[in-house]
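In the text below, chain A, chain B and the rest are named by the order of the sequence lines, each starting its count at 1.
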Amino acid sequence: MTFEEIYAVVRRIPQGTVATYGQIAGLAGIPRQARRIGYALSALEGQAELTVPWHRVINAKGTISRRSTPGFEALQRLLLENEGVSFDAAGRIDLARFLWRPSVDRSTRRRQSIKVR
DNA sequence: CCGGTGACGCGCG
DNA sequence: GCGCGCGCCACCG
């Protein structure tokens, strides 16, 4: 599993939604290895940084993860709010409302119960 | 080889 | 809800 493959999954996250590190790991074929997603994203730079929506990846608690270098958390929050993702008083995102539900193929979609608000 | 360190996650008390 | 411990794994000194 290369960084590029991980970035490919992150690029599928739609604007206005978020995904968790663990969720991305699963979709990328490396379940239970959420830490590697954070590692891959921390390595973002140059062109990739502009084409990978890294700000849409948050932790399972629905909050923005602490970074070694502070400041980026505020930026991430701004980028998310700019595309319609809202935070509660505790700085938490309502995952029931904003978590990305990737749709797969037609047959699978038929078995999924679509819940919209 | 060993231990410490992360943009993590989950179960338990 | 909040800590803690543990699992996980690439990297680094």
Margin query: Less than 4.0 angstrom between a side-chain N/O of A/Ser42 and OP1 or OP2 of B/dA7, yes or no?
Written below: no

From CD1 of A/Ile30 across to P of B/dG9 the rounded distance in Å is 12 Å

Ranking A/Arg35 and A/Tyr39 by the position along DNA chain C of their nearest nucleotide, the one closer to 5' is A/Arg35

Paired to C/dC8 by Watson-Crick or G-U wobble criteria (both distances under 3.5 Å) is none

By the Watson-Crick or G-U definition, both distances under 3.5 Å, C/dG1 is matched with none

Of the candidates B/dG9, B/dA7, C/dG7, the side chain of A/Asn59 sits closest to B/dG9

A/Ile37 CD1 to B/dG9 P, in whole Å, measures 10 Å

Winner on side-chain proximity to A/Gln33, out of C/dC9, B/dA7, B/dG9, is C/dC9

Taken to the nearest whole Å, CZ/A/Arg36 to C1'/B/dG9 is 16 Å

| Do A/Thr17 and A/Arg56 have side-chain N/O donor and acceptor atoms under 3.5 Å apart? | no

Rounded to whole Å, CD1 of A/Ile58 lies from C1' of B/dG9 at a distance of 13 Å

Whole-Å distance, A/Leu80 CG to B/dA7 C1', equals 13 Å

From the candidates B/dG6, B/dA7, B/dG9, the one with an atom nearest any side-chain atom of A/Trp54 is B/dA7

A/Ile64 atom CD1 is separated from B/dG9 atom C1', nearest whole Å, by 18 Å

Query - Inter-nucleotide C1' distance (C/dG13, B/dA7), Å rounded - result: 23 Å

From CZ of A/Arg32 across to P of C/dC9 the rounded distance in Å is 8 Å

May I ask you to decide if A/Val57's main-chain N or O and A/Gln76's side chain share a donor-acceptor pair within less than 3.5 Å?
yes

Smallest heavy-atom separation, A/Ala19 atom then A/Leu99 atom, equals CA-CD1, 4.0 Å

Residue-phosphate contact under 4.0 Å: A/Thr20 side-chain N/O, B/dC8 OP1/OP2: no

- Is A/Arg67 paired with A/Glu73 through a side-chain N to carboxylate O contact shorter than 4.0 Å? no

d(A/Ile58 CD1, A/Tyr21 OH) to nearest 0.5 Å is 8.5 Å

In whole angstroms, the gap separating P of B/dA7 from NZ of A/Lys61 amounts to 12 Å

Against the side chain of A/Arg92, the closest entry in C/dG1, B/dA7, B/dG9 is C/dG1

